[in-house]
Amino acid sequence: MSGFAIDPCDKCEELLQPFLDRDLNDEERAMAEEHLTLCEYCSKRYRFEEELRRFVRQAATEEMPPDLKTKLAGLRTPLL
């Protein structure tokens with residue numbers, strides 16, 4: 001074993017998506033929660049990922065307004 005300790009931010013990065021998916025065991029979840037309370041950088045990343053997921057879920061369920069569909073259709077480049 002090397003003399004290098006595992007960087008807690010690297011470990012948090014590894015656990016972030018499973019944490020958001022609630023797919024961790026109790027020990028991993030506690031480790032991630034503890035780090036997120038202590039590390040401002042990782043806490044900001046977590047909040048960003050959480051908001052991004054919320055936005056994607058909302059965008060996937062809302063119908064696009066007809067005028068926006070028309071505008072987007074007008075931006076398409078026709079195939080030649």
Side-chain angles (χ1 to χ4, degrees):
M1 181 170 181
S2 73
F4 295 102
I6 296 173
D7 181 343
C9 291
D10 286 346
K11 185 63 177 174
C12 190
E13 173 75 26
E14 178 184 319
L15 296 175
L16 185 60
Q17 296 306 320
F19 182 78
L20 286 161
D21 293 336
R22 295 176 179 26
D23 192 25
L24 297 176
N25 64 39
D26 290 341
E27 182 181 346
E28 291 169 323
R29 182 185 47 73
M31 183 187 317
E33 286 174 350
E34 179 181 10
H35 183 74
L36 289 171
T37 62
L38 299 173
C39 180
E40 185 177 345
Y41 174 77
C42 288
S43 180
K44 285 180 182 179
R45 290 198 64 244
Y46 169 77
R47 287 191 305 271
F48 172 80
E49 290 288 336
E50 190 176 46
E51 288 296 318
L52 179 61
R53 284 176 176 225
R54 185 176 296 122
F55 174 78
V56 169
R57 281 192 306 270
Q58 182 181 359
T61 59
E62 289 183 359
E63 182 65 30
M64 189 182 306
D67 59 324
L68 180 56
K69 284 183 181 180
T70 302
K71 286 179 183 178
L72 290 174
L75 294 174
R76 288 190 197 127
T77 303
L79 298 175
L80 301 176

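From a predicted model like this one, the values you see are computed outputs, not experimental measurements.
Looking at residues two or more places apart in sequence or on another chain, you find a side chain to side chain donor-acceptor pair (under 3.5 Å) between Arg54 and Glu51. When the side chain to side chain donor-acceptor pair (under 3.5 Å) test is applied to Glu27, no partner is found at least two apart in sequence or on another chain.
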Name each donor-acceptor pair under 3.5 Å that joins a side chain in residues 10-18 to protein atoms two or more places apart or in another chain, with its distance.
residue, atom, partner, partner atom, Å
Lys11, NZ, Glu14, OE2, 3.1
Glu13, OE1, Arg45, NH1, 2.3
Glu13, OE1, Arg45, NH2, 3.2
Gln17, OE1, Arg53, NH2, 2.6
Gln17, NE2, Glu49, OE1, 3.2

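Shown here is Glu34, whose CD atom has no more than 12 heavy atoms of other residues, nucleotides or ligands within 6.0 Å.
Hydrophobic clustering places Val56 together with Phe48 (ILVMFWY residues linked when any side-chain heavy atoms are closer than 4.5 Å, directly or through intermediates).
Atom CD of Glu63 and atom CG of Leu68 lie 10.5 Å apart (nearest 0.5 Å). Here NZ of Lys69 is found 11.0 Å from CG of Asp67. Values are rounded to the nearest 0.5 Å.
A pairwise comparison of heavy atoms in Leu36 and Phe19 identifies CD1-CE2, 3.9 Å as the closest pair.
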